[in-house]
Amino acid sequence: AALAKLGYRVLVVSNSPRFVKTQVNKVTPYIWRILHRRNFGHDFGAYKDGVRRIPRLGEMEALILMNDSCYGPLYDLAVVEQRAQASDADIWGITDNWWMHFHLQSYFLRIGKRALGSDAFRNFWRAILPYQPRGLVIRNGEIRFTQYLLRRGMIAEVLAAAGASVHTMR
């Protein structure tokens with residue numbers, strides 16, 4: 001509801017083994033589309049399938065990838081959206097992490113227009129494999145996503161940084 005209120009067309013990708021109609025009915029007024037799939041690849045498998053279903057992706061102003069780790073919103077999501085819009089970042093997250101390599105945590109990622117229209121963004125999603133073990137999904141999804149886009153000239157920024165808030169590769 002909060003994303004729809006901000007003007008986003010919401011695509012729900014469910015990995016749930018059961019697809020309960022009463023639960024689907026609760027979100028139906030706020031969504032554009034729903035996709036039910038088997039749980040392979042965890043969040044990044046779902047993100048990949050969702051990204052593939054979006055027509056004219058490169059023409060969009062922004063895309064939010066958000067998983068079910070996000071409860072709330074506890075605060076007005078418009079404040080988060082305003083901070084993201086005010087940034088010059090191509091990929092923007094709420095928090096970062098330095099495990100193995102710097103990366104934006106994938107529970108909430110806002111992808112800007114320049115990244116959405118880039119070959120780098122499209123190539124990342126084409127190449128990602130449906131890994132099952134959570135550790136491989138984190139390494140080859142979450143960490144690789146940020147690092148791959150940074151190496152291709154994108155700028156990453158985070159709302160609540162563990163280190164520096166803006167990252168580029170030189």
Side-chain angles (χ1 to χ4, degrees), residues 2-13 31-33 35 41-70 72-73 75-131 136-170:
L3 290 169
K5 183 179 173 185
L6 292 173
Y8 282 92
R9 291 178 58 199
V10 179
L11 166 62
V12 172
V13 181
I31 65 172
W32 160 62
R33 201 169 180 189
L35 170 63
H42 300 277
D43 298 343
F44 271 81
Y47 289 166
K48 178 178 181 167
D49 283 351
V51 165
R52 287 180 30 206
R53 303 275 188 316
I54 299 171
R56 299 183 307 280
L57 188 65
E59 298 173 18
M60 294 172 51
E61 289 297 316
L63 170 69
I64 291 179
L65 300 175
M66 185 171 76
N67 71 24
D68 62 355
S69 298
C70 292
Y75 302 97
D76 188 354
L77 195 56
V79 174
V80 173
E81 178 68 6
Q82 288 166 357
R83 292 285 297 272
Q85 284 181 3
S87 167
D88 290 329
D90 302 301
I91 53 174
W92 189 93
I94 292 180
T95 55
D96 62 7
N97 192 299
W98 288 84
W99 181 67
M100 295 183 71
H101 299 284
F102 165 77
H103 60 281
L104 301 180
Q105 293 192 293
S106 62
Y107 66 88
F108 188 101
L109 295 169
R110 185 180 186 279
I111 317 304
K113 186 173 185 67
R114 186 169 85 108
L116 289 172
S118 72
D119 288 338
F121 185 79
R122 285 187 298 280
N123 290 339
F124 173 84
W125 293 108
R126 275 189 210 115
I128 195 163
L129 298 173
Y131 295 104
L136 283 177
V137 173
I138 292 169
R139 278 188 221 107
N140 294 307
E142 187 170 84
I143 295 170
R144 187 171 159 262
F145 179 75
T146 302
Q147 289 293 310
Y148 185 84
L149 292 178
L150 285 172
R151 285 189 194 105
R152 282 146 187 87
M154 300 295 160
I155 298 169
E157 189 171 325
V158 65
L159 177 65
S165 66
V166 178
H167 293 271
T168 60
M169 289 290 224
R170 299 275 184 238

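Remember, it's a predicted structure, so these values are computed and weren't measured experimentally. Basis for what follows: all heavy atoms, side chains included, without hydrogens, waters or symmetry-related copies.
- A 6.0 Å sphere centred on CZ of Arg53 holds more than 12 heavy atoms belonging to other residues, nucleotides or ligands.
- A distance of 6.5 Å separates CD1 of Ile111 from CG of Leu116, quoted to the nearest 0.5 Å.
- Using a 4.5 Å cut-off on side-chain heavy atoms (C-beta onward), Leu35 and Asp49 make contact.
- To the nearest 0.5 Å, the span separating OG1 on Thr146 from CE on Met154 amounts to 12.5 Å.
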Item to complete: Check step by step if side chain to side chain contact (heavy atoms under 4.5 Å, CB included) holds for His103 and Phe145.
Response: CA-CA 8 Å; His103 60 281; Phe145 179 75; over 6 Å; no

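- Proximity of Arg9 to Arg33: side-chain heavy atoms (C-beta onward) are nowhere separated by under 4.5 Å.
- Contact annotation: the side chain of Ile94 approaches that of Tyr107 to within less than 4.5 Å [non-hydrogen atoms, C-beta and beyond].
- Taking the ring centroids of Phe121 and Phe124, they lie at or beyond the 6.0 Å cut-off.
- Looking only at side-chain heavy atoms (C-beta outward), Ile64 and Leu6 stay at 4.5 Å or farther from each other.
- Taking CG of Asn97 as the reference point, atom CD of Glu142 lies at 7.0 Å (rounded to 0.5 Å).
- Counting heavy atoms from C-beta outward, Tyr148 and Ile128 have side chains that stay 4.5 Å or more apart.
- Atom CD1 in Ile54 sits 5.0 Å away from atom CG in Leu63 (nearest 0.5 Å).
- No side-chain heavy atom of Tyr47 sits under 4.5 Å from any side-chain heavy atom of Val13.
- Among all heavy-atom pairs drawn from Ala156 and Ala89, the shortest one is C-CB, 4.2 Å.
- Contact of the Ser118 side chain with the Arg152 side chain is not registered, since no non-hydrogen atoms from C-beta on lie closer than 4.5 Å.
- Considering all non-hydrogen atoms of both residues, Phe44 and Gly141 come closest at CZ-C, 3.5 Å.
- Taking all atoms of both residues into account, the shortest heavy-atom contact from Ile91 to Leu149 is CG2-CD1, 3.6 Å.
- With sequence neighbours left out, the salt bridge (charged side-chain N to carboxylate O under 4.0 Å, His left out) criterion links Asp119 to Arg122.
- To the nearest 0.5 Å, atoms CG (Leu150) and NE2 (His101) are separated by 12.0 Å.
- Taking both residues in full, the closest heavy atoms of Asp90 and Gly153 are given as OD2-O, 4.3 Å, listed atom of the first, atom of the second, then distance.
- Tested against Gln105, the residues Asn67, Asp96, Thr95 include a single side chain to side chain donor-acceptor pair (under 3.5 Å) partner, Thr95.
- Once rounded to the nearest 0.5 Å, the distance linking CG of Asp43 with NZ of Lys48 reads 15.0 Å.
- Side chains of Val51 and Leu65 form a contact here, defined as non-hydrogen atoms less than 4.5 Å apart.
- Results of the salt bridge (Lys or Arg N to Asp or Glu O under 4.0 Å) test with Glu61 over Arg114, Arg56, Lys113, Arg110 single out Lys113 as the only residue that passes.
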